[in-house]
Structure formats: C-alpha cells, structure tokens
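Have a look at the structure below, then the notes.
Along the sequence shown, the residues carry numbers beginning at 1. Every number for a ligand or one of its atoms is a count from 1 in the order of the listing.
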Amino acid sequence: MKKIAILGSTGSIGTQTLEVVRENGDIEVCGLAAGSNISLLEDQIREFHPRIAAVWSEEKAEELKERISDTDTKVAAGMDGLLQVSTLADMEILVTAIVGMIGIRPTIEAIRAGKNIALANKETLVTAGHLIMPLAKENRVSILPVDSEHSAIFQSLQGNEKKALHKILLTASGGPFRGKKEEDLLEIRVEDALKHPNWAMGQKITIDSSTMVNKGLEVIEAKWLFGVDVDQVQVVVQPQSIIHSMVEYVDGAVMAQLGTPDMKLPIQYALYYPERRNLPGERLDFWNLRKLEFEKPDMDTFYGLWLAYEAGRKGGTLPTVFNAANELAVRLFLDREIKYLEIVEIIEDCMQAHHNIENPSLDQILETEAATYDRIHSRR
Ligand code: NAD
Ligand code: MG
C-alpha cells in the first residue's frame, strides 16, 4: 500500500485525487486537510479513515471533532494542522492541492521530513522555488508535477537526456476570453470569467486562466521544476487543450503528451510514477478530432503573462509580489469589489513599486506577501 496525505482534499484536485485512490484500491490515505467544507471532509473521513484531518478554521475544526467523535480520526486546526498532516510518520507522498502561498510552510516541512511531493499548488513553487528545489535535492525527495502541462513536460522528458533539452513549449487554452481585446473586457462579470472552455477547476485558478496569469505562474513553475530560464519556455495557445505541452530537443525533435482533458491522468501519473496504470475515461479519437489549432498568445491584452516573464526573469521577491498581488486581487474580484481589468493593473502597480530582494529567505517571502497585501489595501 502506498501511503499518501492530501492538503486541500475537498477541492477540485483533492476530490479527483480521492477518485484515483478509490479506483485503484491500493493507496492508504493517512491524512486530509481542508479549509472549511467539513460536511464533505466528514464523508471523506468515513470513507478513507485517515489518522488525522486538519481544518483551517478553528471553529469548524471543533464542529468536525464532535461530528466524527465515533471514529478514530484525530482533528487538528490552522497551520499546526496543515503541518501535522504534511509530516505524518510513514506517509510517503504529500499531494499539495491547496490554493495559494499558504502551502509554502507545509511543503517545506514535508520535504524536510523526507516526503515526496505531488505538487498541484503552483503558487508555492512560484514564490519559493529557489528554497524548495535545493531542499528537495538535499533530502532526496521527488517533486512530481500534477499540473497538466508540467506533467506533460515531465512525461515528454522521460528517457531523454536533460542536457539535450532546448526549450519547453507550454500550451495554453487561451481561456474564455481568447481573441478579445481590452475594450471587450471592461464589463466582464465574475460569472463570465468562471466559464472555462475545457476544464472544471477551483475558482481561483479559473479566474487565473481567464487572465492568463495562470499561464504566467506556470512559466515560473516550469523554470523551477525543469531547471530552465523563463525565456526557454514558449507559451503556445492550443485552444482544444489536447496537447498538454511539449518539449523541443537540440536536434529539433519535439515530444508532446496528448490526451482528452482529464486531471486524473497527471494525478495518477504523479502518484504511481514511474508506473503507468489503467485509467478509465474517454480516449482521443484522431479520426474525429480532425484538427488541432495553434496561436501566439496576445500578451498586449493579457499582459499578466508578460508581467510573469518579467517576474520570472528578475527572480528574488518579484515573483512573490506578482503572485501575492494576484491572489488578493482575484479574491477582491470574486467578492465583486474590483473590476476584472483591475486584477492585472494591481499586479503591475505592486511590481512597479517593489524593491526586489535577491535570494530571499522564507521570512522575507512572507514579509513581501504581507507588504503586498498592505499596499493593495492602503490604496483602496
Ligand atoms: P479548489 O479551490 O477547488 O480547492 C482548494 C482546496 O484547498 C480545498 O479543499 C480548500 O478547502 C483547501 N484550502 C484552501 N485554503 C486552505 C487552508 N488555508 N487550509 C487548508 N485547506 C485549505 O482549488 P483547485 O482548483 O483544486 O486548485 C488547487 C491547486 O492546484 C491550486 O494551486 C491550483 O493552481 C492547482 N491546480 C489546479 C488544477 C485544477 O484542475 N483544479 C489544475 C492544475 C493546478
Ligand atoms: Mg495547468
């Protein structure tokens, strides 16, 4: 039995991870953590019998404790709960399916405790990749990508020499507003931005996909996962989301991973790597597929992607500013406090005002996050 724990078990990636666990039947779930949906968490506890369940909200944790007092599952709360789940004895793989920079500390502590990481939580790598990747190496743990593009890149790198890699072709669907110009985006409502053409995901990443900030985060994520410069990562719009990403080698050969859009494939691949398991689901039918389209991304309209390249090139605390400003701006947009186009305006403003710190410590990253939030709040 493989032993895993999941941070963010009630979310889009978390629930699909549990589907993979259910379908395979040979994985033990040692720990689960969620934000506040204790009803779903209770169902998951009753089905998977983890040793510990963590809830972010103290109040909800108390409520859960009462509800499951007939089980053997221990309940913990807050950051302490996340850290307990992340470092559980004899757990082998931590699935980081939580949203945002809150995942940094649990990921770092899991690596220190020798756990392999199945990483969905890209914000953590974007902001602290320079700390996480060397730490993983030092502790001989693997960081296995769950993000579909990075899984595709990882799969396309199998069996080839790392030094022969010339560039990464990171595909993007282009989101719901592909082809639109700034003037078309002035009155975008939350409902419009939450309609992704190909993927059903959590709210934050769905908004990020619509602004292409998600692709920007993924460019920086690729930099850390695969040890390349951001300028070796070329974004290619592939509207059907059939090609999940590609790599080009020095001899011009391009390797790609294709498939119907289904996050269970990268999740399962990360959990069983290097083994490939059967996965039920729709297969690609090339006779009916007929065509695949490609476009250059419009970085004038979707300049959040351009800002990400800038942040990725300069490094230091700038990617933290990019990410933290986006996290708060997306929350404000979802709460209908700002307009759609203000999301990227806020990111740009915070990046312009920032004095970059090279090679920041974890404390400096967290201070930068707090300072970015303060700036946004103080200007409103
Ligand atoms: P989601 O909003 O659907 O789920 C997030 C989960 O994290 C929930 O279980 C929530 O309760 C939990 N959570 C949030 N804050 C928490 C806290 N402070 N403490 C404990 N738990 C907390 O999000 P998602 O779409 O599953 O995305 C998760 C991560 O995976 C994100 O970083 C996202 O960018 C990445 N990702 C998602 C997809 C996808 O298809 N959904 C694809 C690629 C990458
Ligand atoms: Mg992705």
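On a distance-only criterion, G8 and ligand 1 share at least one N/O pair closer than 3.5 Å. Where the criterion is an N or O separation shorter than 3.5 Å, residue side chain and backbone included, S36 fails it with respect to ligand 1. For G202, a nitrogen or oxygen atom sits less than 3.5 Å from a nitrogen or oxygen atom of ligand 1, counting backbone and side chain alike. Of the N or O atoms in Q203, none lie within a sub-3.5 Å distance of an N or O in ligand 1. Taking distance alone, with nitrogen or oxygen atoms compared against 3.5 Å, G100 stays at or beyond that limit from ligand 1.
The backbone and the side chain of K122 each have at least one atom closer than 4.0 Å to an atom of ligand 1 (non-hydrogen atoms only). Under 4.0 Å from ligand 1, the heavy atoms of L82 that appear belong solely to its side chain. Under 4.0 angstrom from ligand 1, the non-hydrogen atoms of M263 all belong to its side chain.
Rounding to the nearest 10°, we obtain 90° for the angle at the Mg ion (ligand 2) between D147 OD1 and E149 OE1.
Just one of E161, H166, K163 meets the side-chain contact (heavy atoms from CB on, under 4.5 Å) condition when paired with V250; it is H166.
Using bins of under 30°, 30° to 60° and over 60° for the plane-to-plane angle, the ring pair Y340/F177 lands in the perpendicular bin. By the 30° and 60° cut-offs, the orientation of the rings of H130 relative to W224 is tilted.
A salt bridge between K181 and D184 is absent, with no side-chain N of the basic residue lying under 4.0 Å from a carboxylate O of the acidic one.
Of the listed residues (I13, I102, L40), the one carrying the non-hydrogen atom nearest atom 27 (O) of ligand 1 is I13.
Nearest N/O/S atom of E218 with respect to the Mg ion (ligand 2) is recorded as OE2.
Side-chain N/O atoms of N288 and D285 include a donor and acceptor closer than 3.5 Å.
The ligand atoms of ligand 1 that sit less than 4.0 angstrom from a heavy atom of S9 are 9 (O). Ligand 1 places these atoms under 4.0 Å from at least one heavy atom of A97: 5 (C), 6 (C), 7 (O), 28 (C).
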